[in-house]
Peer 1: 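Below is the structure I would like to discuss, written out as structure tokens.
All values reported here derive from a predicted model rather than from experimental measurement. Atom set for the values below is all heavy atoms of this structure, side chains included, hydrogens, waters and symmetry mates excluded.
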Amino acid sequence: MSQSTGRVLALLEVLQAQPGLTGPQLAERLGLDERTVRRYAAALAGLGLPVQADRGRYGGYRLAPGYRLPPLMLADDEAVAVVLGLLAAENLGVGAAARASALAKIERVLPAALRDRVRAVRETLGFTRPARPAGLFDVRHLLGLGEAARDHRRVELTYRSWRGEDSTRAFDPYGLVFHAGRWYTSGFDHRRGEIRTLRLDRIGSLSVRDERFEAPASFDAAGHVAGALAAVPYRHEVEVVLHAPEAEVRRRVPATAGTVTAAPAGARLVCRAERLDGMAVMLAGLGWDFTVVRPDELRTEVARLGRRLVALSGTAPQ
């Protein structure tokens, strides 16, 4: 690579990292004169890169948005960060084809030595547990909802409920949340007249409208999703008092599992469960003493679990 070509690429890297630098600032950064900076900027434009120079107090050189991404100049640690992010994207619900295509493009432009080391990580990397299978979602819906939430613009979407029923509704998105392998959006559902949490993989179509909305002040989208998942109408409603510090209970019991409040003897946990035998195992696994408030059937399941554990221990009950 000639010295001039290297400096042209160095200019490209600086423009990507710090858009808006003036001619004198670029000249000082690259060790050039301003005339050479202008010539190199013209060379980039001649290669099809949309370099623009804005005049005035706040002017400077920058890459204007084009119809395709400009070539990326990544340092070694930046390239590794991108590759690791793509490898982890399976847990974000990103489609396998998109991940593979992006990885292939990144690897093609890596220096040979770094490419070999990155491939070694890719081929030997494992996760402690597989990502939870999740329905595929349209990335355009994610981008559209993100834009609408930022700009406070209403959307119209079609949605399939857990019963398999399709409906069309106007929706004011307040935020996006990723939880346990799925993407969610929380906002005001005009069809239901209340704040709802929707899953992106159940959205069939989406369009952003011109109407605007005012979101509630300091709305916590992640907290609302956690609360909505904790309130899923499973068969049994459970209330127990855990004899442990409230702060420790909040740390150990995820918000999606139930609601934790202070109690005279520790912390009160209110949640729902489909199977009470599973709830008994969960409570026992926490390792704290606890008192069942309701339902009575949970007490029966706790006693049954206790007898089973005693039998498995091979000792006689005291």
Side-chain angles (χ1 to χ4, degrees), residues 65-70 72 81-106 127 130-233 255-256:
Y67 68 94
R68 63 180 60 183
L69 290 174
L72 294 176
V82 170
V83 171
L84 292 178
L86 289 170
L87 292 175
E90 179 181 0
N91 296 314
L92 300 177
V94 178
R99 294 197 313 273
S101 175
L103 275 169
K105 290 177 181 178
I106 292 293
F127 294 95
R132 183 179 76 175
L136 294 178
F137 68 93
D138 193 325
V139 173
R140 292 172 298 179
H141 296 165
L142 177 68
L143 299 177
L145 285 166
E147 182 182 29
R150 181 198 62 193
D151 298 339
H152 293 184
R153 293 177 60 187
R154 187 163 299 155
V155 302
E156 182 173 312
L157 55 84
T158 58
Y159 191 73
R160 173 162 293 184
S161 71
W162 64 274
R163 297 186 181 90
E165 301 168 347
D166 293 323
S167 60
T168 301
R169 60 192 73 195
F171 188 76
D172 299 343
Y174 297 157
L176 293 164
V177 177
F178 179 77
H179 171 73
R182 288 198 173 99
W183 286 93
Y184 299 85
T185 179
S186 287
F188 189 80
D189 183 350
H190 289 265
R191 183 171 181 267
R192 294 282 293 271
E194 61 185 5
I195 295 178
R196 297 280 313 285
T197 290
L198 306 181
R199 275 174 43 180
L200 264 66
D201 59 309
R202 290 180 177 170
I203 295 176
S205 64
L206 182 142
S207 60
V208 181
R209 294 169 27 174
D210 293 330
E211 297 98 320
R212 296 185 178 271
F213 62 85
E214 282 294 328
S218 303
F219 180 79
D220 181 5
H224 188 271
V225 168
L229 294 177
V232 170
T256 52

Peer 1: Is there a donor-acceptor pair under 3.5 Å between the side chain of R153 and the backbone N or O of R209?
Peer 2: yes

Peer 1: Between OG of S205 and CZ of R140, what distance do you get to the nearest 0.5 Å?
Peer 2: 10.5 Å

Peer 1: What is the minimum heavy-atom distance between A149 and G175, and which atoms define it?
Peer 2: CB-N, 4.2 Å

Peer 1: CZ of R169 to CD of E156: how many Å apart, nearest 0.5 Å?
Peer 2: 11.5 Å

Peer 1: Without hydrogens or angle criteria, can the side chains of T168 and T158 be said to hold a donor-acceptor pair below 3.5 Å?
Peer 2: no

Peer 1: Between CG of D172 and CD1 of I195, what distance do you get to the nearest 0.5 Å?
Peer 2: 10.0 Å

Peer 1: With a cut-off of 6.0 Å (strictly less than), are more than 12 heavy atoms of other residues, nucleotides or ligands near CD of E194?
Peer 2: yes

Peer 1: Should we count CZ of R196 as having more than 12 external heavy atoms under 6.0 Å?
Peer 2: yes

Peer 1: Minimum heavy-atom separation for H224 to S186, with atom names?
Peer 2: ND1-OG, 3.4 Å

Peer 1: Checking side-chain contact (heavy atoms from CB on, under 4.5 Å) against I203, which of L145, D138, V155 comes through?
Peer 2: L145

Peer 1: Spell out, as yes or no, whether a donor-acceptor pair under 3.5 Å connects the side chain of Y159 to the backbone of R199.
Peer 2: yes

Peer 1: What's the verdict on side chain to side chain contact (heavy atoms under 4.5 Å, CB included) for D151 and V208, showing C-alpha distance, side-chain angles and the deciding distance?
Peer 2: CA-CA 10 Å; D151 298 339; V208 181; over 6 Å; no

Peer 1: Out of curiosity, H152 NE2 to R150 CZ, how far, rounded to the nearest 0.5 Å?
Peer 2: 10.5 Å

Peer 1: Please assess T185 against F171 for the test side chain to side chain contact (heavy atoms under 4.5 Å, CB included), listing each intermediate value before the final yes or no.
Peer 2: CA-CA 10 Å; T185 179; F171 188 76; 3.7 Å; yes

Peer 1: Under the criterion side chain to side chain contact (heavy atoms under 4.5 Å, CB included), I'd like the reasoning laid out for T197 against V177: C-alpha separation, chi angles, the key distance, then a yes or no.
Peer 2: CA-CA 10 Å; T197 290; V177 177; over 6 Å; no

Peer 1: Atom CG of D189 and atom CG of L157: how far apart are they, to the nearest 0.5 Å?
Peer 2: 8.0 Å

Peer 1: Ignoring hydrogens, what is the shortest heavy-atom contact between A170 and R154? Give both atom names and the distance.
Peer 2: CB-CD, 4.0 Å

Peer 1: Do the ring planes of F219 and Y174 sit parallel (below 30°), tilted (30 to 60°) or perpendicular (above 60°)?
Peer 2: perpendicular

Peer 1: At what distance, to the nearest 0.5 angstrom, does CG of L198 lie from OH of Y184?
Peer 2: 11.0 Å

